[in-house]
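Comments concern the structure below.
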Amino acid sequence: MLTLRGQQALQKADLVVGFKTVLDVVTPWLGNAEVRPMAYRDQEEVLEYAGQQAALGKDCVVCCWGDLNVSARELLLRVKRRVDRIELIPGISSVQMACARAGISLEDVVFITLHQRKEPVSDMLELVHYLNENKRHVILLPRPFDLMPATIASRLVDEGIPGSRPLTIYQRLSLEGEAEWQGSLEECAALSQEFSDLTILVFPVPELHAGREADAQGVI
Ligand SMILES: C[S@@+](CC[C@H](N)C(=O)[O-])C[C@H]1O[C@@H](n2cnc3c(N)ncnc32)[C@H](O)[C@@H]1O
């Protein structure tokens, strides 16, 4: 799901950096760029190097998964701290992919990410709030690997969300090894399988779906 604009940027880049798993996906689209994979522990050094190269007039690309406006703020801030001029090239988010797979519209969705460094206490509270409200589908990013589907599901059941509540879990959307799991919160809480770090959860509101379809038929 790499965009054409993203491909062009990679093709003409002098330097391409990003987490190794991201770079593995974009490698086929590189021209003659130097490639510098990074990990959480050395990202500051790699981005520092990219900043120096940019100051020398080199064309540097920092890659992230999906779209840079979705749960990528930390990386973006690290880049912005180091360069004066930055072009933000939007991508296709896992959130959009999940909407497409689940057949739901973004305007009917509340999006919450637990994928952050600080303890996502208020985000868990919001998650419980929106699930109880039951007006919009909820799309949720877990936190690899301490807040993954089974832990989240059992916490939600503890918070009083009915165990029969349906959810869908997508892994590695649009990538090799893509997988989908469907079941109830209770079944999810009992799962012992490992999930990929590329995992996204959808809590649909089935009535909303039916209502929207009826509205659309009314319009036609
Ligand atoms: C730091 S966030 C970045 C999100 C990204 N900017 C986006 O637009 O999807 C990383 C999280 O996004 C989700 N994610 C990213 N790509 C995914 C994919 N292909 N399939 C499922 N989830 C994905 C996972 O929850 C992953 O842990």
Side-chain angles (χ1 to χ4, degrees), residues 1-7 9-10 16-29 37-44 46-47 61-80 86-106 109-120 123-124 126-127 137-153 155-156 167-183 188 191 193-204:
M1 297 303 288
L2 181 62
T3 63
L4 285 174
R5 186 66 195 84
Q7 272 183 37
L10 290 165
V16 175
V17 308
F19 290 106
K20 186 182 175 307
T21 44
V22 181
L23 294 189
D24 287 346
V25 174
V26 300
T27 300
W29 307 106
M38 62 190 195
Y40 279 113
R41 74 191 131 66
D42 68 354
Q43 56 180 324
E44 282 290 301
V46 175
L47 291 173
V61 173
V62 180
C63 299
C64 74
W65 289 121
D67 181 57
L68 50 83
N69 296 305
V70 179
S71 196
R73 190 165 35 205
E74 226 181 80
L75 176 60
L76 205 51
L77 288 176
R78 285 175 199 271
V79 175
K80 281 182 173 167
I86 174 169
E87 183 190 0
L88 303 178
I89 303 175
I92 311 290
S93 175
S94 58
V95 173
Q96 288 163 277
M97 283 300 303
C99 281
R101 293 287 190 262
I104 59 181
S105 301
L106 195 55
V109 164
V110 170
F111 167 65
I112 298 176
T113 179
L114 304 178
H115 199 294
Q116 50 189 292
R117 215 169 273 261
K118 70 174 173 63
E119 252 336 280
D123 302 276
M124 279 302 287
E126 271 193 282
L127 175 61
H137 314 296
V138 175
I139 296 190
L140 178 74
L141 299 190
R143 183 166 77 171
F145 286 94
D146 63 338
L147 272 176
M148 293 305 276
T151 312
I152 295 169
R155 287 208 195 169
L156 291 175
L167 78 151
T168 307
I169 306 171
Y170 299 99
Q171 296 184 75
R172 298 188 56 78
L173 283 164
S174 83
L175 301 170
E176 210 181 307
E178 176 171 336
E180 175 181 334
W181 179 93
Q182 280 194 8
C188 181
L191 290 175
Q193 74 182 80
E194 296 261 313
F195 281 91
S196 156
D197 61 332
L198 296 184
T199 292
I200 187 166
L201 287 74
V202 178
F203 299 85

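Note that ligands are numbered from 1 as they come in the structure, with each ligand's atoms numbered from 1 the same way. Count residues from 1 along the sequence.
Between M1 and I92, the shortest heavy-atom contact is O-CG1, 3.3 Å.
Checked against ring-ring contact (aromatic ring centres under 6.0 Å, His included), F19 has the following partners two or more places apart in sequence or in another chain: Y40.
Neither side chain, Q96 nor D67, offers a donor N or O lying under 3.5 Å from an acceptor on the other.
Using a 4.5 Å cut-off on side-chain heavy atoms (C-beta onward), L127 and I152 make contact.
Under a 4.0 Å N-O distance rule, the pair R117/E74 qualifies as a salt bridge.
Residues of the protein with a heavy atom under 4.0 Å from ligand 1 are W65, G66, D67, V70, S71, S93, S94, H115, L141, P142, P144, R172, L173, L175, D197, L198, T199, I200, listed by chain and number.
A donor-acceptor pair is defined here as one N or O able to donate and one able to accept, closer than 3.5 Å; such a pair exists between the side chain of T27 and the backbone of L23.
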